[in-house]
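Read the numbers this way: they start at 1 and go in the same order the structure lists the ligands and their atoms.
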Amino acid sequence: MRSSSSLLAGASLLLVFGVVHCVIAANSFAGSNLYYAAGLTENEQSVLLENLSSAGMKVLRVWLDGQSTDQKGTPINPFPSLEPTQICNGTASCYNDTVLERLDAFMVASQAHGIKLLISMHSWNALDAGDVYEQVFGTTDFYTDPDARSAFDARLVHVLNHVHVGIGKPWKELKDHIFGFEAENEAMIGLGQSFIEDHQEWQCGRARTIRGQLGNNSGIAVMTGGESFLTESVQPGFLNCTALDVVSIHAYGVGDLLTSAIQPFVEQAQAAGIKLLFEEWGACFYDTENNDCPVGDALPTEVRNQNIRDFAGNITASGIPWLYWQVIPNADPHEGNDYEIGVTDPSWPTLKYAAQQTLQAPAAFDFSDYFSAPQH
Ligand SMILES: *[C@@H]1O[C@H](CO)[C@@H](O)[C@H](O)[C@H]1NC(C)=O
Ligand SMILES: *[C@@H]1O[C@H](CO)[C@@H](O)[C@H](O)[C@H]1NC(C)=O
Ligand SMILES: *[C@@H]1O[C@H](CO)[C@@H](O)[C@H](O)[C@H]1NC(C)=O
Ligand SMILES: *[C@@H]1O[C@H](CO)[C@@H](O)[C@H](O)[C@H]1NC(C)=O
Ligand SMILES: *[C@@H]1O[C@H](CO)[C@@H](O)[C@H](O)[C@H]1NC(C)=O
Ligand SMILES: *[C@@H]1O[C@H](CO)[C@@H](O)[C@H](O)[C@H]1NC(C)=O
């Protein structure tokens, strides 16, 4: 909370001095991801939020896919997917809003810790795992069939208009709790870079749907949801899309985690008048290539911690705010692709320090519209 008040103080200083200074510099920030946040118990929520807040983290990215079993060693309170049995195509009674209602409570707790949610409204992962959209359209036609696009747009509209059970307003009006919306985590990644390039207009189409609900002055960002690496994540058709506020970068390869590699994308985005967020990166627990992390020998803690310092330092030096994949509220059990850092793990103090340092670092993009003082 100390750091959230300093960020707000920074924002009001900008308002005061913005008149005299021609160039308004804004500071960076950091945050994290937790795809299964809707399944946290109250105790897990408070452990996670207190720790993220102590690191000065401002944004937590969450997903809407159901979870029935424990994830990453975190005991889960199970919840179904938003469209558990069929594509709902806008029929309100067909959606199962459990996940949205779970997040209603969670976003209130998050806001009390100075953290806003970034809501990813579907994931490539769910599609690839055979969800209702895959069953009807398959993983390719989901992006190309006009019927798939319109049924998916109806899902986005349903989410954006979900009325918060406590606050009584739709999510699209909750700028004090919600940082941004994106249509899908890593849309099309399993289909390869050339497919993404050939169908990049899918992103702008979905962004127009989201923008059509939010309007132009919502205080909530419209984002892309990232691809697998730098060149895939930043497409010309994303940069020139007026419905988008932010292009999301996901990258895990060491070659992409260098200031010199990131800088040209910053320049492209600045020239296009759009922002970048480094929405996913992580430091592998194992001694494998950093972007190939399912199994291996554990790196010595000090080596991994130096990687965390280097990667975070490089991204921050490029001027892009970042979200770590992922901080978890328990000791990391080293399951699956292993970038996670638990709040009791030996690498947490290192990541926490890197996150705190972003708040003093200049950013290449001014995100202050998304951190304005809460309205009461
Ligand atoms: C972070 O989580 C740990 C583990 O539950 C807890 O002991 C600690 O108090 C938390 N730290 C903060 C700053 O909240
Ligand atoms: C969704 O509903 C529209 C009519 O409201 C219909 O034209 C379209 O085929 C439906 N899509 C699916 C996937 O059922
Ligand atoms: C939504 O899912 C929950 C949990 O599976 C279930 O209890 C509830 O009946 C479902 N609601 C609707 C409207 O289908
Ligand atoms: C919102 O912004 C877009 C792009 O700048 C513009 O075309 C549109 O007219 C604006 N909409 C409103 C309601 O002002
Ligand atoms: C945006 O970029 C894409 C990809 O290069 C291009 O096809 C499209 O025509 C551009 N749109 C505008 C409005 O410039
Ligand atoms: C960027 O990362 C490299 C290692 O990949 C490291 O040598 C360098 O110091 C880092 N730069 C910054 C600014 O942290």
Number the atoms of ligand 5 from 1 as they appear, then name those within less than 4.0 Å of a heavy atom of Pro236, with their elements.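 By the 4.0 Å cutoff, the relevant atoms are 2 (O), 5 (O).
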Test of proximity, Gln200 against ligand 5: N or O pairs below 3.5 Å: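 Checking ligand 5 against Gln200, no N or O pair falls under 3.5 Å apart.
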Look at the rings of Tyr143 and Phe195 and say which category their plane angle falls in: under 30° parallel, 30 to 60° tilted, over 60° perpendicular.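 It falls in the perpendicular class, over 60°.
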Measure up the Tyr133 and His122 rings against each other and bin them: parallel (under 30°), tilted (30 to 60°), perpendicular (over 60°).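 Perpendicular, since the angle between the ring planes exceeds 60°.
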Is the closest side-chain donor-acceptor distance between Tyr35 and Gln71 under 3.5 Å?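 Tyr35 vs Gln71: donor-acceptor pair found between side chains.
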Using residues 341-352 as the side-chain source, report each donor-acceptor pair under 3.5 Å to any protein atom, sequence neighbours left out, with the distance given to one decimal.
{"residue": "Asp345", "atom": "OD1", "partner": "Asp332", "partner atom": "N", "Å": "3.4"}
{"residue": "Asp345", "atom": "OD2", "partner": "Asp332", "partner atom": "N", "Å": "3.2"}
{"residue": "Asp345", "atom": "OD2", "partner": "Gly342", "partner atom": "N", "Å": "2.8"}
{"residue": "Ser347", "atom": "OG", "partner": "Asn305", "partner atom": "OD1", "Å": "2.5"}
{"residue": "Trp348", "atom": "NE1", "partner": "Asn51", "partner atom": "OD1", "Å": "3.3"}
{"residue": "Thr350", "atom": "OG1", "partner": "Asn305", "partner atom": "ND2", "Å": "3.3"}
{"residue": "Lys352", "atom": "NZ", "partner": "Ser54", "partner atom": "OG", "Å": "3.3"}

When you check ligand 2 against the protein, what N or O pairs turn up below 3.5 Å? List the atom names and distances, or just say none.
{"residue": "ligand 2", "atom": "2 (O)", "partner": "Asn89", "partner atom": "ND2", "Å": "2.4"}
{"residue": "ligand 2", "atom": "11 (N)", "partner": "Asn89", "partner atom": "ND2", "Å": "2.9"}
{"residue": "ligand 2", "atom": "14 (O)", "partner": "Asn89", "partner atom": "ND2", "Å": "3.3"}

Do the side chains of Arg309 and Glu302 get close enough for a salt bridge, i.e. N-O under 4.0 angstrom?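 The answer is yes: the pair qualifies as a salt bridge.
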Between side-chain atoms of residues 266-275 and protein atoms elsewhere (two or more places apart, or another chain), which donor-acceptor pairs fall under 3.5 Å?
{"residue": "Gln270", "atom": "NE2", "partner": "Ala364", "partner atom": "O", "Å": "3.0"}
{"residue": "Lys275", "atom": "NZ", "partner": "Asp366", "partner atom": "O", "Å": "3.0"}

Look at the side-chain heavy atoms of Ile, Leu, Val, Met, Phe, Trp and Tyr, link any pair under 4.5 Å apart, and say whether Phe229 and Phe238 land in one connected group.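 No, Phe229 and Phe238 fall in different hydrophobic clusters.
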Would you please name every residue forming a side-chain contact (heavy atoms from CB on, under 4.5 Å) with Pro333, sequence neighbours left out?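 Result, side-chain contact (heavy atoms from CB on, under 4.5 Å) vs Pro333: Ile328, Asn330, Glu335.
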Show which atoms of ligand 6 fall inside a sub-4.0 Å distance from at least one heavy-atom site of Asn314.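 Every atom of ligand 6 under 4.0 Å from some heavy atom of Asn314: 1 (C), 2 (O), 3 (C), 10 (C), 11 (N), 12 (C), 13 (C), 14 (O).
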Please verify whether a non-hydrogen atom of Val254 lies at under 4.0 Å from ligand 6.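 Distance cut 4.0 Å: Val254 fails for ligand 6.
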